[in-house]
There are 2 protein chains.
Amino acid sequence: MKRATLRDIAQALGITVATVSRALKDYPDISAATKLAVLTTAERLHYAPHPLAVKLRQKAYKVVGVVVPDIVHPFFADVISGIVDVVEALGYHVILSQSNESYEKEIRVTQMLQATGVDGLLVCLSNETVAVDHLRALQDYNLPVVLFDKISSGLDASTVVTNDFQGAYDAVAHLLDQGYTRVAHLKGPAHPENTRQRFAGYQAALAAYGLPFRPEYVLECQAVTHAEGFAFAQQLLALPEPPQAIFAVTDSVAIGAITALKQAGRRVPQDVAVIGFSDWAVCQLLEPTVSSVAQPGYDIGRRASELLLREIQQLRDEQPPEHSHLVLDATVRVRQSSQRPLPGGA
Amino acid sequence: MKRATLRDIAQALGITVATVSRALKDYPDISAATKLAVLTTAERLHYAPHPLAVKLRQKAYKVVGVVVPDIVHPFFADVISGIVDVVEALGYHVILSQSNESYEKEIRVTQMLQATGVDGLLVCLSNETVAVDHLRALQDYNLPVVLFDKISSGLDASTVVTNDFQGAYDAVAHLLDQGYTRVAHLKGPAHPENTRQRFAGYQAALAAYGLPFRPEYVLECQAVTHAEGFAFAQQLLALPEPPQAIFAVTDSVAIGAITALKQAGRRVPQDVAVIGFSDWAVCQLLEPTVSSVAQPGYDIGRRASELLLREIQQLRDEQPPEHSHLVLDATVRVRQSSQRPLPGGA
DNA sequence: TTTCTTTCCGAAATCGGTTACGTTATCGAT
DNA sequence: ATCGATAACGTAACCGATTTCGGAAAGAAA
């Protein structure tokens, strides 16, 4: 079946496309009779406006581009889900791309998105990304960009992130509240701002509780993997005075550490308490269940989309786009791995 | 900055847009001098063709729509990743939508995708979906549709699925090969074809090894959750002659079962062996590590995209689109939970 | 009868490209 | 001088809609 156009309707009725167009959009200066005729033949021909023609005329793509380092990562899947729900509710669609944590590919992908036509971009920077000229170039062409999760201060754009500092602080405070005084941190690499914030939250909590910062309790992961958690936990156990609790920069590191602790004959949480970060679904399935800090992925996606759509609208209205910087709270989810047994307990 | 058009270049050089267009596309009947002039001023003005104008003229959106029940599900994230990689390599983009396992929303979403403009659709049906008229309607408008994972025989379309039968057969055969004779199956609900195939594979393996089918060893999950696995495992243990091994329709059910077994004082795999299906990442993190059947999600995405892009091309060439039906092998990943200890072992 | 409103619709420009077709200029061949 | 071929570019239709402007017809007011 060939798709019907305004011309088909017009020819069937012996009128012009202009009249048909206005009849379909319920303009006041079209008679009720013609409106009815147009509507019924439009129905009969299964007419639907051609999306490209409308968009070309309206100069609106009705599409936002999304760039994440890795679609498969559960956190990003959450974010994407939030984005899709918000933008679809406003008649927009989502074009998805991944940078594979590569700076080069991020550049390629953002340019492809601009070339293919989007009204705005939601970007989580790759770990490799330092310079953001490729994004500034997009802004120069009136393409609004909103950064989320992995952001950059080098770009004048709206941002939405998790409060990593507060999340880390709360996690460590949760440990300290239970009376632990020797709390280690398996931190992430220096670069992504997120992991630095988590480290800062760790330090701040120690300070707030009047505890000394002990450098030997802080080990820096590079790949942030299960294997690193495993190795570093063993290293901590080998200390003359091993820690009573561990705050890991990520769940995979935490789980690796728990595995190492168990293999070394330590019980979790009785001998060593552990808490991770990100609250992956696996945390609820492990034994013991793993405490973690939940990042509001879905909400990050929602809020970032809302900011972007607002900026898109402002640009259409010839207003200068306003930038906002949102910091969403992380939530400590206390499970078995970080619960200190009561002194008098069984 | 305003984006440059062909007219801007043409006016700057005192020629027409037609000449500029052809110069940029390196037509033979444009002089080298004009080509050079056009190219340099195009460069100077940062010219880029307007995507909508090109697409309207070419009647190609360069976009494929993807509908999955749930973006957050790791299997679908894998599939999507495969899709994105393939279609981007061919200059297409991916518009993503989710049906939330709702028939109504699936209809809405597919119609929205058609309305917004896509060259083809990759769809995994929701669990609720039985009728597929909404998809047949799309085909009637020359919009090719490829189904993957959850498919329907009611639609004349290409399909790409996991070989659930073979995967289940192999998983059960793996158990039987180790000498187990009493193997239970926690099966899925009747409707999705996938879980039926897994059940069939279970039965076929029993038959192939000359073992009787014992109805009391087969329990049917409805929600296919951790909790159901937990409950049904307890039920199996209460049998006068409990099974020696369990094949679960899904990893979450398998993990729930393992939890129940442990709580009942049974050791996995020494007392009861367990194997799941889907090979989620958590399988490698649990203790014991969980055996499972890996579905080739990324490959399903790749192959489905390839089929769709082929059909899109065939339609452009006025050829009748050929449909293919791909069945990709599942792979048993043997880990600790299903390894029977050697009789003479420690 | 003239003029002024309304009502209702068509003509045409526009969005930004692509491309079939036509035109002009130039040169060699006849 | 005439014809044909070729090179190089312009004209205009086209993709499918939207929207400004304007105009014909009919009725109302003068």
Side-chain angles (χ1 to χ4, degrees), chain A residues 1-39 41-42 45-63 91 114-119 141-142 316, chain B residues 1-39 41-42 45-63 91 114-119 141-142 316:
Chain A
M1 238 197 292
K2 207 77 196 81
R3 92 179 288 152
T5 70
L6 286 188
R7 266 195 25 200
D8 298 330
I9 301 178
Q11 285 179 347
L13 296 175
I15 55 179
T16 66
V17 292
T19 307
V20 176
S21 173
R22 282 177 290 216
L24 288 173
K25 313 194 88 193
D26 206 29
Y27 271 51
D29 56 348
I30 301 292
S31 72
T34 31
K35 271 184 191 170
L36 183 65
V38 167
L39 245 52
T41 68
L45 299 179
H46 296 105
Y47 170 78
H50 194 291
L52 291 178
V54 177
K55 291 171 180 174
L56 174 61
R57 194 61 230 264
Q58 242 78 55
K59 287 173 163 290
Y61 301 93
K62 291 300 210 169
V63 167
Q114 182 191 27
T116 209
V118 294
D119 297 309
Y141 283 92
N142 287 325
R316 306 216 100 225
Chain B
M1 238 198 290
K2 206 78 197 80
R3 91 178 287 152
T5 70
L6 286 189
R7 264 188 38 192
D8 298 330
I9 301 178
Q11 285 179 348
L13 296 175
I15 55 180
T16 65
V17 292
T19 307
V20 176
S21 173
R22 281 177 292 217
L24 289 173
K25 312 193 86 191
D26 206 28
Y27 272 50
D29 56 349
I30 301 292
S31 73
T34 336
K35 274 184 190 170
L36 183 64
V38 167
L39 246 52
T41 69
L45 299 179
H46 294 106
Y47 170 78
H50 194 289
L52 292 178
V54 177
K55 290 171 181 175
L56 175 59
R57 192 65 230 261
Q58 242 78 58
K59 287 171 162 288
Y61 301 93
K62 289 300 206 170
V63 168
Q114 182 191 27
T116 209
V118 294
D119 297 309
Y141 283 94
N142 286 325
R316 307 216 101 225

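Reminder, nothing fancy here: chain letters follow the sequence lines and each chain counts from 1.
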Base, sugar-phosphate, or nothing: which does Ala60(A) touch, judged by heavy atoms less than 4.0 Å apart?
nothing

Pairing residues for Ala18(B) by the side chain to side chain contact (heavy atoms under 4.5 Å, CB included) criterion, not counting sequence neighbours:
Thr16(B), Arg22(B)

Bend angle of the helix from dT1(C)-dA30(D) to dT30(C)-dA1(D) from five-pair axes at both ends, rounded to 10°?
80°

Under the side chain to side chain donor-acceptor pair (under 3.5 Å) test, residues paired with Asp26(A) that sit two or more places apart:
Lys35(A)

If you take any heavy atom closer than 4.0 Å to DNA chain C, which residues from residues 2-13 of chain A end up in contact?
none

Under the side-chain hydrogen bond (donor to acceptor under 3.5 Å, both in side chains) definition, can you give me all pairs with a residue in residues 53-63 of chain B, not counting sequence neighbours?
Thr116(A)-Lys55(B)

Looking at every heavy atom in both Pro51(B) and Arg3(B), which two are closest together, and how far apart are they?
CD-NH2, 4.1 Å

Measure across Leu24(B) and Tyr47(B) and return the closest heavy-atom pair with its distance rounded to 0.1 Å.
CD1-CE2, 3.6 Å

Which residues satisfy the side chain to side chain donor-acceptor pair (under 3.5 Å) test with Ser21(B), sequence neighbours excluded?
none

What heavy-atom pair brings Pro49(B) and Val54(B) nearest, and what distance separates the two atoms?
CB-CG2, 4.1 Å

Using whole Å, report how far CZ of Arg57(B) lies from P of dA12(D).
16 Å

When Thr34(B) and Ala53(A) are each assigned the nearest nucleotide of DNA chain D, the 5'-most assignment goes to Thr34(B)

When you compare the side chain of Arg316(A) with that of Asp119(A), does any pair of heavy atoms fall below 4.5 Å?
no

Side chains of Leu56(A) and Leu52(A) in contact at under 4.5 Å (non-hydrogen atoms):
no

So do the side chains of Thr19(B) and Leu13(B) get within less than 4.5 Å of each other, counting heavy atoms only?
no

Where along residues 14-25 of chain A does a heavy atom fall under 4.0 Å from DNA chain D?
Ala18(A), Ser21(A), Arg22(A), Lys25(A)

Separation of atom CG in Asp29(A) from atom P in dG23(D), rounded to whole Å
16 Å

Judged by nearest nucleotide, the residue sitting upstream toward the 5' end of DNA chain D, Tyr27(A) or Leu56(B), is Leu56(B)

For Thr34(A), the side chain to side chain donor-acceptor pair (under 3.5 Å) test, sequence neighbours excluded, returns Ser31(A)

Could you tell me which residues satisfy side chain to side chain donor-acceptor pair (under 3.5 Å) with Thr41(B), sequence neighbours excluded, listed by chain and number?
none

Can you give the first and last nucleotides of DNA chain C, 5' to 3', that have an atom under 4.0 Å from a heavy atom of chain B?
dG16(C) to dC21(C)

Qualifying residues under side chain to side chain contact (heavy atoms under 4.5 Å, CB included), relative to Leu45(B), sequence neighbours excluded:
Ala4(B), Asp8(B), Ile9(B)

